[in-house]
Amino acid sequence: MQPSSVWALKPLADMSAAEFHAWQTLLEERTGLVINEQRRAFLQTSLSARMRELDVADYASYYQQVTDGPRGAVEWSTLLDRLTVQETRFFRHPASFALLQDYLRERLEREPAGAPWALWSVGCSSGEEPYSLAISAAEVLRESAAPEHFGVTGTDISLSALGKAREGVYAARKLEQLDESLGARYFAAQDDGRFKVIPSLAARVCCARLNVLELAKAPMSGMDVIFCQNLLIYFRRWRRREILNRLAERLAPGGLLVVGVGEVVGWQHPDLVPVANDQVLAFTRKG
Ligand SMILES: C[S@@+](CC[C@H](N)C(=O)[O-])C[C@H]1O[C@@H](n2cnc3c(N)ncnc32)[C@H](O)[C@@H]1O
């Protein structure tokens, strides 16, 4: 590592307990994300890196800047990209996608001429999850030569992640996470060696900014499938349950909610029935 990059990773100075508390509170109030003591170094390093770019010398001045009106909102959006974990993969939890495909096959058999399926990826990051949902639906419909009748919505708090999701262009190594035949069917090679989602699939996926703490403002309702994985783990337990309660309300009767395994323990909802599958954490809404 170059000496300059070592320097860039070094926090400016240790935060005081009061400063740490102020940043923790701001982040949790605005996003739900909890920065505990173990992640204090991560917070300091991330803030320091941004403060160096802006030539801001101390945490308190930067806090002032981030919380100061419309200009602060722009800076907040930049900072958020540094503080959120955006790691994702195509078909990240294979068992969840296998369950989804079984569920969609069954739906198609039961209602061959039903309304178009509405699927939702909550915390969609750079798009791998919503495109995996779209590929799953497209594959199920293709198997039975049914018309492509579905739409996927991806929502996230990070504008830069949403930008990547909308662009739908991925490095070749990202496609290694996909079955080769799916890569060939749903992606087109670009001149720069990357791969772009084909237009017919991209047209079925729409990405929008939504803070999961503001679900009350979200227009989604009557969703057939909701995926919420690797987002709630960063939140407090009571908040996880509250968000799941709100998501449950957005499901159509018979709809499927898929959560990351272990992300919520002991949560129940009067309208939902747990899916019997020990590899997946999922629920269906009573019809
Ligand atoms: C680790 S990624 C998970 C991506 C995908 N769901 C998966 O399982 O691979 C978590 C995503 O949640 C987003 N996020 C964090 N806080 C959020 C909030 N309050 N509202 C909406 N999205 C949020 C982050 O920006 C990030 O893209």
Side-chain angles (χ1 to χ4, degrees), residues 8-9 11-12 15 19-36 39-89 120-131 152-171 174 202 205-220 227-236 239-240 242-243 246-247:
L9 289 173
L12 292 170
M15 277 179 168
E19 282 167 341
F20 180 55
H21 183 69
W23 280 102
Q24 268 181 318
T25 308
L26 183 70
L27 201 67
E28 187 171 351
E29 272 177 9
R30 290 189 174 187
T31 69
L33 300 171
V34 177
I35 302 275
N36 54 24
R39 297 188 74 219
R40 186 191 186 116
F42 161 78
L43 178 69
Q44 277 192 183
T45 312
S46 309
L47 291 177
S48 297
R50 183 60 187 152
M51 285 157 64
R52 274 204 190 91
E53 286 167 18
L54 299 172
D55 206 14
V56 178
D58 60 278
Y59 296 110
S61 312
Y62 185 49
Y63 183 94
Q64 193 75 38
Q65 191 167 324
V66 165
T67 50
D68 176 29
R71 246 195 55 209
V74 175
E75 180 52 28
W76 172 250
S77 173
T78 306
L79 180 62
L80 208 58
D81 291 331
R82 314 281 178 100
L83 296 179
T84 48
V85 178
Q86 292 174 356
E87 183 200 332
T88 184
R89 291 192 295 281
W120 181 10
S121 160
V122 182
C124 67
S125 189
S126 39
E128 287 85 335
E129 184 171 274
Y131 291 121
V152 179
T153 304
T155 58
D156 203 283
I157 198 170
S158 160
L159 290 175
S160 80
L162 288 167
K164 291 179 195 155
R166 290 189 188 113
E167 195 190 8
V169 178
Y170 299 95
K174 281 250 155 192
V205 178
C206 156
C207 296
R209 186 171 188 278
L210 176 69
N211 183 343
V212 85
L213 299 194
E214 295 168 358
L215 279 173
K217 290 188 198 161
M220 291 83 169
F227 256 60
C228 184
Q229 298 200 316
N230 303 296
L231 163 61
L232 300 180
I233 31 167
Y234 304 106
F235 293 4
R236 290 193 195 277
R239 212 190 281 280
R240 300 180 197 189
E242 209 165 280
I243 290 168
R246 300 287 83 76
L247 293 177

Flag side-chain contact, heavy atom, 4.5 Å: [X] against [Y]:
X      : Y      : answer
Arg209 : Ile157 : yes
Trp120 : Leu210 : yes
Trp23  : Leu43  : yes
Leu80  : Arg30  : no
Trp76  : Thr31  : yes
Tyr59  : Gln44  : yes
Arg239 : Leu213 : yes
Leu83  : Phe42  : yes

Could you measure the distance from the CZ atom of Arg89 to the NZ atom of Lys174? Nearest 0.5 Å is fine.
8.5 Å
Tell me whether Arg50 forms a cation-pi arrangement with Tyr62, defined as NZ or CZ under 6.0 Å from the six-membered ring centre and within 45 degrees of its axis.
no
Over all heavy atoms of both residues, which pair between [X] and [Y] is shortest? Give the atoms and the distance, please.
X      : Y      : value
Ala41  : Thr45  : O-OG1, 2.7 Å
Leu162 : Asp156 : CD1-O, 3.5 Å
Ser125 : Ala165 : O-CB, 3.8 Å

Verify, without hydrogens or angle tests, whether [X] (side chain) and [Y] (backbone) share a donor-acceptor contact under 3.5 angstrom.
X      : Y      : value
Arg240 : Leu232 : yes
Arg236 : Val34  : no
Asn230 : Ile233 : no
Gln24  : Ile35  : yes

Just checking, any donor-acceptor pair under 3.5 angstrom between side chains of Gln86 and Thr88?
no
Verify the neighbour count for atom CD of Glu214: are there more than 12 heavy atoms of other residues, nucleotides or ligands below 6.0 Å?
yes
